[in-house]
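Each chain gets a letter, A, B and so on, in the order its sequence line appears, and its residues count up from 1.
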Amino acid sequence: MSTNGSIPFDISLVVVQKFIMENAEIARIFYEIADLLEVNGENPFRVRSYRNAADVIDGMPESLKTLAQKGEDGLKGIHGIGDSIREKIFELLATGKCGLLEEILKQMPVGILDILRVSGIGPKKAGALYSALGIATLEDLAEAASSGKLRLLDGFGEKTEAKILRSIKSLKAMSGVFKLSLARPYALTLTEYLGKVHGVTACEAAGSVRRWKETAGDIDILAACDNAEVVMERFTTHPDVKDVIAKGAAKSSVMLRVGIQADLRVVDEKCYGAALLYFTGSKAHNVALRDMAKRKGLKINEYGVFSVKGEKWLAGKTEEDVYKAMGLAWIPPELRENKGELIVAQSKKTFRLLEIADLRGDLHCHTSESDGSYSIEDMAFAAMSRGYEYLAITDHSKAVGVAHGLNEERVVAQMERIDAVNAKLKKRGKNFTILKGAEVDIRADGTLDHPDGVLDRLDLAVGAVHSSFNMDIKEMTARIVRAIKSGKIDVLAHPTGRLIGAREPYAVDMEIVMDAAKKHGVALELNSYPDRLDLNDVHCNLAKHKGVMVALSTDSHSVYNFENIIYGVHTARRGWLEKADILNTMPLSALLRHIRARRGL
DNA sequence: GCCGTTTTCGGCCCGACTGTTTTCAGTCG
């Protein structure tokens, strides 16, 4: 059964599994195994299998631990996970360890993984560095590069040394991953600039920015032009460019001053669609698409779709053409992750995901009464100018002291002010309603920070965790479930508490939370603040599968924050959410009916 | 190591650029 030095694992141990591992952790271990095997010169297809399994696990809405509870069959039938990797998942769940990884690490230091992050160093070079010079950490590598030892090795020269030193420096300065809200504006600036270059007929951002992934490693730009040289020249001399990494006739890469890499591809107008599809990715989507093409006797690359016999060009001018030639509906970029979109596209005419125009209001915002910057009226007019029908004012409760949280008296006073403003709006003939809400703190014991009497008088109660983030998963899950079971909250805000790149999500079992939310009719928020995006795309998809409504909100603290809804909308689309899955696509009357019914009124 | 409309063996996506070579391996997306 077990090969290549992995410790034989007794599947009967599954019975006593401790369930200590989340999907992300298991995926990370398989990524590490793939990288290390590759450095070790293993069979590339074996390497790919581990990496592919990690991709699959990373994007799964169900947790492996839950599936494993169903016994040995619980993990069967997951595409990309066969007998060997399934066995290792059970082992990880039961023991928290992976014998194979431990075996590999006996022969190879863990620092190799850092070395692989250096630009220009792949598995082959990392392996050569380790076996020839014993280089095992970033520090070793920096030392060897600056002292000129690297150029003694075959395949390494002066330029490589300099490049390695530059890359180590920028790796240390940056985590290497940028929030979408940082990458996207740069992508838009560059595409607008290049779009104006004479002869450019189309130019747009591709890659993870176009797929609206929450973080981007770099910016990919595609342009159609018959004079690539001019476009490349303009690109590499843009004032935001710090370094030119590569410059060719079809492809160039630059490092921007802000520290993010941008790549430009220039193609002929005739194959713009094929190239756009190709460079939008994801990689997993492309691989699956090519595989599908092959089975149909076609070949697909960035230049178009070709018949294998005779290499006849069939399509490529637009993405629609390419998908059509494959017998598929056009797939929205947000779905291109090889998570079933290709199968659905075979039987669909069009995908109907959530659109920003479907939204009727916002259900989470703050005023200057707590930690916001504007008045009730200011926030209401900002929401109105977006075409909304309603806005819930949800200031913090007293437990959130740093945010000047409101006590019972202040909430009651605020409700009276909202009534007065609503009356004024009605008098002026505005078809707009401010909902009386609160973001009530869920205390460490799961009780709520406003008395029931206050919560019952609100139009909308949003519950949220703001403290004691370090509880273990059992305590935190019980805390949140208790708040849901109280029957006093209508929405659970930012359900995992994460801040992208700054704070890990707290330990919480989202499946248990969602089951409770479903039972008690509580919606889970997708907080659109670009640092949060919480629920994330995978959790949105889980909510859809479990039939839990999602409240799409901005958590605006200023009149300008309502713009952030765009990040939430596209995250929801990445989770396959449609209009009917979102609470605030309901018109006001339906929303109020829904909340009353939930409260049993 | 995984998978199957080529189904239990044999294949697994593909092209551009760089730095090192002197025709190409390695890296990257």
Side-chain angles (χ1 to χ4, degrees), chain A residues 1-4 6 30 33-34 37-39 41-56 76-89 100 115-129 150-164 167 206-208 211 216-222 228 232 244-254 261-267 271 274-275 277-306 308 338 346:
Chain A
M1 283 290 281
S2 294
T3 54
N4 296 299
S6 78
F30 288 145
I33 291 174
L37 287 176
E38 200 171 19
V39 172
E42 266 286 343
N43 175 357
F45 300 110
R46 186 178 177 217
V47 172
R48 183 185 297 175
S49 294
Y50 278 103
R51 201 161 281 148
N52 185 42
D55 284 342
V56 168
K76 282 203 172 145
I78 303 172
H79 196 92
I81 296 178
D83 290 342
S84 173
I85 290 181
R86 185 167 61 244
E87 188 184 309
K88 289 179 181 66
I89 293 171
L100 173 60
I115 290 176
L116 286 172
R117 290 167 55 220
V118 176
S119 164
I121 304 236
K124 291 284 184 335
K125 285 190 172 165
L129 289 168
L150 289 188
R151 66 187 73 167
L152 303 174
L153 285 182
D154 274 354
F156 289 84
E158 244 175 282
K159 280 190 174 177
T160 309
E161 282 181 343
K163 193 176 171 190
I164 285 171
S167 172
S208 49
R211 301 201 314 279
D218 62 8
I219 294 170
D220 295 300
I221 296 167
L222 182 71
M232 290 302 182
V244 178
I245 300 166
K247 189 178 174 190
K251 181 184 169 182
S252 294
S253 295
V254 300
Q261 183 175 323
D263 299 337
L264 170 67
R265 286 291 284 246
V266 179
V267 298
C271 53
L277 197 160
Y278 183 79
F279 294 113
T280 296
S282 65
K283 197 170 174 179
H285 179 85
N286 288 351
V287 168
L289 196 64
R290 282 172 189 229
D291 184 52
M292 187 181 262
K294 210 167 178 182
R295 280 186 276 120
K296 287 177 190 279
L298 301 170
K299 189 180 87 165
I300 180 165
N301 60 24
E302 58 262 57
Y303 301 106
V305 183
F306 301 83
V308 173
N338 192 28
Q346 285 179 308

J.: Base, sugar-phosphate alone, or nothing: which one does A/Leu116 contact when heavy atoms must sit under 4.0 Å apart?
T.: nothing

J.: Which listed nucleotide (B/dC17, B/dC3, B/dC13) is nearest to the side chain of A/His79?
T.: B/dC3

J.: For A/Lys247, answer base if it contacts any base atom (sugar-phosphate contacts may also be present), sugar-phosphate if it contacts only those atoms, and nothing otherwise; contact means non-hydrogen atoms under 4.0 Å.
T.: sugar-phosphate

J.: Is A/Asp291 paired with A/Lys294 through a side-chain N to carboxylate O contact shorter than 4.0 Å?
T.: no

J.: Can you find an N or O donor on one side and an acceptor on the other, under 3.5 Å apart, linking the side chain of A/Asn43 with the base of B/dG1?
T.: yes

J.: Distance between the P atoms of B/dC12 and B/dG19, in whole angstroms?
T.: 31 Å

J.: Nearest to the A/Pro123 side chain among B/dG29, B/dG15, B/dT27, which nucleotide is it?
T.: B/dT27

J.: I'd like to know if A/Tyr278 reaches the base of B/dG29 with its side chain, counting only an N/O donor and acceptor under 3.5 Å.
T.: yes

J.: Measure from the side-chain heavy atoms of A/Lys299 and tell me the nearest of B/dC14, B/dG1, B/dG29.
T.: B/dC14

J.: When you measure from the side chain of A/Lys159, which nucleotide among B/dG1, B/dC13, B/dT20 comes out closest?
T.: B/dT20

J.: Using a heavy-atom cut-off of under 4.0 Å over every strand shown, decide if A/Ile300 touches base, sugar-phosphate, or nothing.
T.: nothing

J.: Is there a side-chain contact between A/Arg46 and the phosphate of B/dG1, meaning an N or O under 4.0 Å from OP1 or OP2?
T.: yes

J.: What nucleic acid atoms does A/Ala249 come within less than 4.0 Å of, heavy atoms only: base, sugar-phosphate, or nothing?
T.: sugar-phosphate

